[in-house]
**Q** 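Just dropping this structure here.
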Amino acid sequence: MKRTLIAGLCALILGAVPAGAQWGPRTIPEPTDGLKDAYKDYFKIGVAVNNRNVAEPDQIKVVLREFNSITAENAMKPQPTEPRKGEFNWEDADKIANFCREHGIKMRGHTLMWHSQIGTWMYQDEKGNLLPKEEFYANMKHHIQAIVNRYKDIVYCWDVVNEAVADSPVYPGRPELRNSPMYQIAGEEFIYKAFEYAHEADPNALLFYNDYNDAEPAKSQRIFNLVKRMKDAGVPVDGIGMQAHYNVYGPSMEEVDNAIKLYSTIVKHIHLTELDIRVNEDMGGGLRFNRGGANVADWERTLQQDQYVNLFKVLRKHKDVIDCVTFWNVSDKDSWLGAANYPLLFDENYKPKQSYTAVKGFDPKMDNFVIKEDFKPSELNQPGQEYPMVNSQGFARFKVNAPKAKSVIVSLGLGGSGGTVLRKAEDGSWMGTTAGPMDEGFHYYHLTIDGGVFNDPGTHNYYGSTRWESGIEIPAHDADFYAMKNVPHGKVQQVLFWSKSTNQNRVAWVYTPPQYDQNKKKYPVLYLQHGWGENEYAWWNQGHANLIMDNLIAAGKIEPFIIVMTYGMTNEGFRPGQMPRPAARPEGAPAGGPGRPGGAPAGAPGGAPQARPARPAGGMGMMMNNGFEAVLCDELVPYIDANFRTIAKKESRAMAGLSMGGMETHTITLARPEMFGYYGLLSGGTYNPDEIAAVGESPKTVKGIFVGCGSKEGPDQIRKAAADLQAAGYNAKGYVSEGTAHEFLTWRRCLYEMAPMLFKK
Ligand code: G3I
């Protein structure tokens, strides 16, 4: 139990980023139901299979769980089924068809007529001369009707003709159709004939014209023109198949939306027939096979997930005409593109990717959510900077100028999203809005531009994730408690103290209450620690600890006390070979003084770290002996007691910390029970009475214990711990911040709730 609790806490703390945008491949639990179930009210979810997929048990499991429409990737094509005139080979096709019959899954038939994977006997004689039209038609009719009749019980629709429209550019006056042998023999009519023959063989089957680059405006117009002419000629064409071999850079969702709107003016059925989204700039049916293993960067995964999520949002909007979306292969291992292109929702081990969870876990309410256009610049922006902006619903909007970039991603975004992908505007600027409201309060973030990590030039910087990051503030409904009001203000000053144990000067920021300089009183002291990746700036710069104190003191809600905030050595060992050193103060950052941005720029904790540093083995082990205990208890406390008017005794000294700072508090207060009379863990785990008793402490000697976290962090353990401590006689308080996660508004509220219980007379 204790180990799992600490491991869970470690994972949370080491990932001290806004829960929303955490990223990096995470193992997705084995799904219990499938995409087909999530989309049952929208459209079928299909998959193209090879014969292994319907033979290997682990692959069959994925196919049956996820999909309710199946396409034979190759087995039902002209060449594999009739390699020589009149010689049919149904073996592979039958295996797949029988699998579908056995499991009651209907099939999309692919494909009856195509310029590729077809025996040349279909359209030319032994000498290679093109056959007379009627002979070609006879061959085509015989083939089409043989295969359609054989599978009419299991196939509910056919891609009758595939890829007959010419690729762009097609110059004016040039034929809009591909100059295939069939076209050379019969012109456009061969297409009409193919549909007639198929319809004759199975009048109930839906018949599709199928092609790629289906959203590219010029080609989609030519596809529309062809099907319009067919419709006008009375050809039995029921639908258009958009192959949807897309990539992470395109098409844009506007192009997909426009193509669907165009096609839906002439057909009632549109299928995405061969969906995959590769992580490179290739597009369409063009074959750039790459067998190499997937070595895809996190930002490319983010782009891919964003493209998949936005695509399915467009498709859900058109559920009236879209009635089947088929992935072209089950997993990256089967993909015609090769695993290196990373194109599907299942990786090469048939494990679901994060993008699978995002596509499946859509929130229908957000599909028609209207974003209020009352955006205002964030209060953390640099002077005169409009962006980023925040609206009254908590959506954040970003604008970045990067004319030559291919991709711009903001690391802040919805849970598991990897961030917010911006779109390029004509003027070379990139803009985008979070897919949903962000939690209230402060958020770190950074930009990833074509894989490079940069800060947003629009905001001040804040130290986090072991670098100075950008920051944005989503106004909180209860922000008044940390507002900068016209009340007496305390001071935040920087002190440098010598550390013998680390052989260097170290920095601490000290908050003294408003009256400190006007009297000779001695004050209790709270040692307040930041989290992983942050530093001694965090609590006053992002946490507004000084303003929270000023307002509580002005309201007479607390006994004034001193707060000391120093670097907790939490980031050592995360960058191999980096020696512990106090964080360098950024250019222009104030030497002491109140930490409210806009007043004076200051450091910046991290949003979603892309390049997460390697995790040192045994986080706990490192935690236990990162040397901070000695720095705090044997060097800083004596320095503060010697240089400030403190009540230098245990019951007038408290230690509290957020996230990993909470773990440090837990470890040091139990290792040095003689030092602190009050303990505070803010999203930093809990205490239980036994472990306190085990170090000889009791409710008599420990005056107060505060444990708190955000409601999105699994608050039950907090409530239980507080109840257990109270039952054991401790003055314990448990607090849960509503609607927040592992982020600073949680900790601002925790400080506000904890301060009144400290040093009570
Ligand atoms: O079956 C033979 C096997 O006997 C031989 O040992 C092997 C050696 O090369 O080739 C096998 O045939 C391969 C066939 O796939 C079955 O795996 C062909 O070489 C290979 O060219 C063929 O590739 C297929 C491709 O169409 C042909 O153009 C891909 O798997 C298939 O995913 C792809 O699918 C097309 C759609 O039908 C239409 N839209 C574009 C899409 C992607 O190109």
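We use all heavy atoms of the structure for the numbers below, so side chains are in, but hydrogens, waters and symmetry mates are not. All residue numbers refer to positions in the sequence shown, counting from 1. Just so you know, ligand 1 is whichever comes first in the structure, and atom 1 is the first atom listed for that ligand.
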**Q** Look at atom 26 (O) of ligand 1 and find which of Lys77, Gln79, Glu73 reaches it with the closest heavy atom.
**A** Lys77

**Q** Is there a donor in the side chain of Ser180 and an acceptor in the side chain of Tyr123, or the other way round, less than 3.5 Å apart?
**A** no

**Q** Select the closest option to atom 15 (O) of ligand 1 among Asp334, Asp159, Asn51, Asn74, judged by heavy-atom distance.
**A** Asn74

**Q** Hey, is Tyr212 touching ligand 1 through its side chain, its backbone, both or neither, going by heavy atoms under 4.0 Å?
**A** neither

**Q** Let me know which of Gln304, Arg301, Glu348 forms a side chain to side chain donor-acceptor pair (under 3.5 Å) with Tyr342.
**A** Arg301

**Q** What's the separation between atom CG in Leu262 and atom CD in Glu255, rounded to the nearest 0.5 Å?
**A** 13.0 Å

**Q** Do Lys333 and Asn349 have side-chain N/O donor and acceptor atoms under 3.5 Å apart?
**A** no

**Q** Considering both backbone and side-chain atoms of Trp336, is one of its nitrogen or oxygen atoms within less than 3.5 Å of a nitrogen or oxygen in ligand 1?
**A** no

**Q** Relative to the heavy atoms of His110, which atoms of ligand 1 are at a distance of less than 4.0 Å?
**A** 36 (C), 37 (O), 38 (C)

**Q** Do any nitrogen or oxygen atoms of Asn162 lie less than 3.5 angstrom from nitrogen or oxygen atoms of ligand 1?
**A** no

**Q** Looking at ligand 1, does any of its N/O atoms fall within less than 3.5 Å of an N/O of Trp114?
**A** no

**Q** Can a side-chain donor-acceptor contact be found between Asn98 and Asp94 if the only test is distance below 3.5 angstrom?
**A** no

**Q** Would Tyr212 and Glu274 count as having a side-chain donor-acceptor pair, cut-off 3.5 Å?
**A** no

**Q** Could you tell me whether some N/O pair between Asn329 and ligand 1 is separated by less than 3.5 angstrom?
**A** no

**Q** Taking the inter-plane angle between the rings of His110 and Trp114 on a 0 to 90° scale, is it parallel (under 30°), tilted (30 to 60°) or perpendicular (over 60°)?
**A** tilted

**Q** Just jot down the ligand 1 atoms closer than 4.0 angstrom to any heavy atom of Gln243, in number order.
**A** 38 (C), 39 (N), 40 (C)

